Amino acid sequence: MRSDDVRSLLQTAVPTAAAGALAAVISGLLVGGKGAVGAVVATLVVMLFMGIGFLVLQRTAKSLPHLFQAMGLMLYTAQILALFVFLAVFKNTTLFHPKAFAITLVATTLVWIGAQARAHMKAKILYVEPDSMKGDKPENPGPKS
């Protein structure tokens, strides 16, 4: 993994973890211990699902750049569906408070997506690879006077 990929991952994971910690505190105060557990589990699920998706998307960008956009759309759709399935499976659990879990799941997902968009906009990504230009050709191929 390249250093700018790690930087982008950190710029998305840290705000998500902070939002999850805040949600755990709020849920713990409003609902009790089960609310805090639900918020922590939701945060971990979001960070796991979105982190794996980020890594898959970066690998796709390197190996199959022509499929990057389609893979991104498919991946985000699959992640949202997987989160809904996870929510449906644990709807009636007694391990944690389901509403605190669901609200934290949605909130941390939105924080992840927002932080990822911000990290991408602030990244200085080259759109031309410097190694691909050879010294054989002149830089300005315009007419000579």
Side-chain angles (χ1 to χ4, degrees), residues 1-137 139-141:
M1 183 181 287
R2 296 181 352 211
S3 66
D4 56 336
D5 292 343
V6 173
R7 190 177 315 116
S8 291
L9 188 58
L10 281 175
Q11 289 176 345
T12 55
V14 170
T16 304
L22 180 64
V25 169
I26 292 171
S27 297
L29 292 173
L30 294 178
V31 183
K34 287 192 176 198
V37 170
V40 169
V41 170
T43 302
L44 293 175
V45 166
V46 167
M47 290 181 73
L48 180 70
F49 281 23
M50 296 297 193
I52 289 171
F54 180 83
L55 296 174
V56 167
L57 207 53
Q58 293 307 318
R59 184 168 292 218
T60 301
K62 286 180 190 174
S63 60
L64 303 166
H66 59 285
L67 293 178
F68 181 73
Q69 185 176 12
M71 184 67 165
L73 291 172
M74 190 275 311
L75 184 66
Y76 283 127
T77 304
Q79 285 173 333
I80 297 300
L81 288 174
L83 289 174
F84 281 129
V85 167
F86 197 89
L87 185 61
V89 167
F90 286 99
K91 183 170 76 173
N92 295 321
T93 187
T94 58
L95 176 64
F96 49 79
H97 193 267
K99 274 192 176 178
F101 173 79
I103 291 169
T104 304
L105 191 75
V106 170
T108 53
T109 299
L110 292 174
V111 168
W112 179 282
I113 292 170
Q116 191 173 19
R118 182 180 184 276
H120 181 71
M121 291 185 66
K122 292 185 91 41
K124 294 181 169 109
I125 300 172
L126 297 174
Y127 58 92
V128 176
E129 291 191 28
D131 295 336
S132 66
M133 298 189 69
K134 302 286 182 195
D136 301 338
K137 296 180 183 176
E139 288 186 23
N140 188 2

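No experiment lies behind these values; they were computed from the predicted model shown.
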Closest heavy-atom contact between [X] and [Y]?
X      : Y     : answer
Val37  : Leu95 : CG1-O, 4.1 Å
Gln116 : Phe54 : NE2-CD1, 3.3 Å
Ala115 : Gln11 : CB-O, 3.6 Å

(request) For the pair Phe101 and Phe86, name the ring-plane relationship: parallel under 30°, tilted 30 to 60°, perpendicular over 60°. (result)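 It falls in the tilted class, 30° to 60°.
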Could you state the interatomic distance from [atom1] ([X]) to [atom2] ([Y]), rounded to the nearest 0.5 Å?
X     : Y      : atom1 : atom2 : answer
Met50 : Leu75  : CE    : CG    : 8.5 Å
Lys34 : Thr93  : NZ    : OG1   : 8.0 Å
Leu57 : Gln69  : CG    : CD    : 11.0 Å
Leu44 : Leu105 : CG    : CG    : 11.5 Å

(request) Report the residues that fulfil side-chain contact (heavy atoms from CB on, under 4.5 Å) with Ile52, sequence neighbours left out, ordered by chain and then residue number. (result)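 Result, side-chain contact (heavy atoms from CB on, under 4.5 Å) vs Ile52: Leu48, Val56.
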(message) Tell me every residue that passes side-chain contact (heavy atoms from CB on, under 4.5 Å) with Ala13, counting only those two or more places apart in sequence or in another chain.
(response)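 If we apply the side-chain contact (heavy atoms from CB on, under 4.5 Å) test to Ala13, skipping adjacent residues, the hits are Met47, Trp112.
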(message) Is the shortest side-chain heavy-atom distance between Met74 and Met71 below 4.5 Å?
(response)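 When only atoms from C-beta onward are counted, Met71 and Met74 do touch, with a gap below 4.5 Å.
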(request) Identify which one of Ile103, Leu110, Thr109 satisfies the side-chain contact (heavy atoms from CB on, under 4.5 Å) criterion when paired with Val106. (result)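 Among Ile103, Leu110, Thr109, the one that satisfies the side-chain contact (heavy atoms from CB on, under 4.5 Å) with Val106 is Leu110.
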Would you be so kind as to tabulate the donor-acceptor pairs closer than 3.5 Å made by side chains of residues 15-30, with sequence neighbours excluded?
residue	atom	partner	partner atom	Å
Thr16	OG1	Thr12	O	2.7
Ser27	OG	Ala23	O	2.8

